[in-house]
Amino acid sequence: MTEAPRAPSPDTLNALARIVGEDHAIRDPDAMAPYLVEWRDLYRGKAALVLKPGTTQDVSAILARANETRTAIVPQGGNTGLVGGQIPFETGQEVVVALERLNHVRGIDLASNTMTVEAGLVLASAQQVADSAGRLLPLSLASEGSCQIGGVLATNAGGMGVLAYGNARELALGLEVVLADGSVWNGLKSLRKDNSGYDLKDLFVGSEGTLGIITAAVLRLYPKPVERLTAMVGLSQLECAPAFFARALARAGAALTAFELLPRIGVEFVLKHGHGVRDPYPEPHAWYLLFELTSPREGEDLASLAETVLAQGLDAGEIDGAVIAASLAQAQELWRLRHLMSEVQRSEGGSIKHDVAVSVARVPEFITRANQIVELMIPGARPVPFGHLGDGNVHYNVSQPPSMDRAIFLSHWEALNAAVHEIVLDLGGSISAEHGIGRLKRDLLPHAKQAVEIDLMRKIKAAFDPNNILNPGKLL
Ligand code: FAD
């Protein structure tokens, strides 16, 4: 039985602050505030101290001291996580370790096609560094202007590019991690092949700060696309979407780098609240598919490729209409519809969220069954299912009925989650496609995993963090 973390004494807090220097240790409640609340205000925590280490050695010294004194540590990156993992509990006894100062680029290796960066580097900055070197870092999320490399690895983030390039796990070739006792594992390798035992890197990726603090990573880079085409398809029958996706993938192969699903209601929300975004079609369609073709080869004729796929889809009756962006500005406008999909739901009142995955072929069945359950449980509620269709990842969000009180609607959150997740599990899917488990879904995990899996996860946690100081109460 592991001991519960203890409240840190004033001596412990002073010793921790001395490691980073008083300038980088925050004790003032006002200055701490941004680290204690997540962006949707779903979780508000308290902390004994916020520490901003500047080096891996600082992180090592912090964890060594925390382990000796049984002080709970909450690692934090850009604080954009959507499951509450980066926010301390309300006890005020935990110490937040914010990685933002650990933000250097340690090197780019063009022959290996990799970059080595520190965990606190903001994702968009890492993308820019790769771009300046003539390469692509393909991880791309709507939160990329704030989220950090350590955070995206700790949550195994997905986003738009997973279809072609994989999620954060597939992009990480090596890691540097500070372990619970303060020892440093230097696994900063850039090897494509390394079958020398258990893959520790894969355990840390997606561990949500519960097994160690990631301080640096070697990331895989790709050739930069020089040709790009964006198209949007309208369809009346959601059931036809998987067949059209399969057709596009078979024809375009690696050139198909994004394939997203948008419902009409979501497009209407953007038109209403999205500041000047226009309707992509003169006639509304029940569903839209937004896809992108790219190529690193100059002069590659993506327009002919897209026209062939679209003509075949129209002939087969899978799609009802198509628009190919004629300019960069038009492509950006189509993508704005997709990028604003989450944000505009806030203007429509309360929204109950699900981040789930099923196989691509089962997405229509999932959405149909989930919509039926929503109507039964909360008549008039408005499902806004959208997301990365090419990965089978649906953000199954439900906006409140316009006339319902927000608090009453949100009181259905847990019951609706349970009903929707039951459908997901029945279809062999996952209750967390890309956002992780954190605090939000911790109690759902035992229902979604086999007992043998939970038991193994607990044993791994105990082996890596025997005193349970790393983000206790999150994930498990
Ligand atoms: P934080 O939120 O700070 O932390 C997240 C978790 O990682 C916490 O458990 C924390 O303890 C842990 N952690 C952070 N840094 C470290 C570290 N260095 N070492 C160990 N543990 C650490 N996610 C997707 O997958 N796909 C999307 O398309 C997507 N879109 C988003 C859009 C918006 C607008 C927002 C707000 C979020 C979105 N997310 C998406 C959520 C996503 O998880 C985060 O944006 C990102 O992966 C988290 O990075 P972060 O640096 O903000 O981490």
Side-chain angles (χ1 to χ4, degrees), residues 160 162-163 230-251 256 258-271 279-292 309-310 312-323 334 337-338 340-342 344-345 348 351-378 380-399 416 419-430 433-434:
M160 305 291 174
V162 175
L163 178 62
T230 299
M232 185 175 254
V233 158
L235 63 164
S236 53
Q237 300 295 325
L238 180 59
E239 289 66 25
C240 295
F244 181 68
F245 168 68
R247 179 184 300 286
L249 189 61
R251 191 83 204 186
L256 185 65
F259 199 95
E260 302 286 310
L261 173 74
L262 289 73
R264 177 67 197 169
I265 185 172
V267 170
E268 280 169 5
F269 285 0
V270 177
L271 299 178
D279 207 332
Y281 287 94
E283 295 296 321
H285 292 275
W287 298 92
Y288 301 89
L289 299 171
L290 179 62
F291 70 90
E292 183 185 72
V309 170
L310 293 170
Q312 289 179 350
L314 285 164
D315 280 352
E318 291 159 359
I319 59 175
D320 301 331
V323 175
L334 291 176
L337 273 171
R338 169 64 185 86
L340 286 168
M341 197 77 3
S342 280
V344 292
Q345 289 167 45
E348 289 287 326
S351 171
I352 299 180
K353 318 242 181 235
H354 309 80
D355 163 44
V356 302
V358 295
S359 64
V360 175
R362 304 193 93 167
V363 167
E365 182 185 352
F366 161 68
I367 292 178
T368 305
R369 285 174 61 183
N371 286 354
Q372 286 164 353
I373 277 286
V374 168
E375 186 53 26
L376 265 179
M377 292 177 70
I378 319 171
R382 298 165 294 166
V384 191
F386 70 99
H388 317 296
L389 183 86
D391 314 322
N393 177 189
V394 183
H395 297 303
Y396 188 79
N397 294 355
V398 182
S399 284
L416 189 60
V420 170
H421 289 153
E422 201 178 309
I423 299 169
V424 170
L425 295 175
D426 186 47
L427 294 174
S430 168
E434 55 179 14

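Numbers here are sequence positions counted from 1. What you see below is based on every heavy atom in this structure, not just the backbone, and it leaves out hydrogens, waters and symmetry mates.
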Count the heavy atoms of every other residue, nucleotide or ligand shown that sit under 6.0 Å from CZ of R251, and state whether that count exceeds 12. no
N397 (side chain) donor-acceptor with K353 (main chain) under 3.5 angstrom: no
Rounded distance [0.5 Å steps], NE2 in H285 versus CD in Q237: 13.0 Å
Would you say V309 and L256 make side-chain contact, with heavy atoms under 4.5 Å? no
Answer whether the closest heavy-atom distance between the side chains of F386 and S342 falls below 4.5 Å. yes
I need the S236 OG to E283 CD distance, nearest 0.5 Å. 12.5 Å
Is it true that H395 and E434 share a donor-acceptor pair across their side chains at a distance under 3.5 Å? yes
Drop me the distance from N371's CG to F366's CZ, to the nearest 0.5 angstrom. 8.5 Å
So do P364 and R369 actually touch side chain to side chain, heavy atoms under 4.5 Å? no
Answer whether the closest heavy-atom distance between the side chains of H388 and L163 falls below 4.5 Å. no
Quick one: does any side-chain atom of E318 pair with a main-chain N or O of A241 as donor and acceptor, under 3.5 Å? no
Note, V358 side chain near I423 side chain (heavy atom, < 4.5 Å): no
Could you state the interatomic distance from CD1 (I319) to CG (L310), rounded to the nearest 0.5 Å? 5.0 Å
Report yes or no: do D320 and Y281 form a side-chain donor-acceptor pair below 3.5 Å? no
Determine, for D279 against R264, whether the closest basic-nitrogen to carboxylate-oxygen distance falls under 4.0 angstrom. yes
Quickly, which of L261, L337, L334, L262 forms a side chain to side chain contact (heavy atoms under 4.5 Å, CB included) with Y288? Name it, please. L262
A side-chain contact here means heavy atoms from C-beta on lying under 4.5 Å apart; do W287 and V267 qualify? no
Please report the interatomic distance OG1(T368) to CG(L238), rounded to the nearest 0.5 Å. 6.0 Å
Within a radius of less than 6.0 Å around CD of E422, do more than 12 heavy atoms belonging to other residues, nucleotides or ligands occur? no
Could you tell me whether the side chain of M160 reaches within less than 4.5 Å of the side chain of F259, counting heavy atoms only? no
Return yes if some donor-acceptor pair links the side-chain N/O of R382 with the main-chain N/O of E348 below 3.5 Å, else return no. yes
Verify, without hydrogens or angle tests, whether H354 (side chain) and Y396 (backbone) share a donor-acceptor contact under 3.5 angstrom. yes
Hey, does V424 have a side-chain heavy atom less than 4.5 Å from the side chain of S430? no
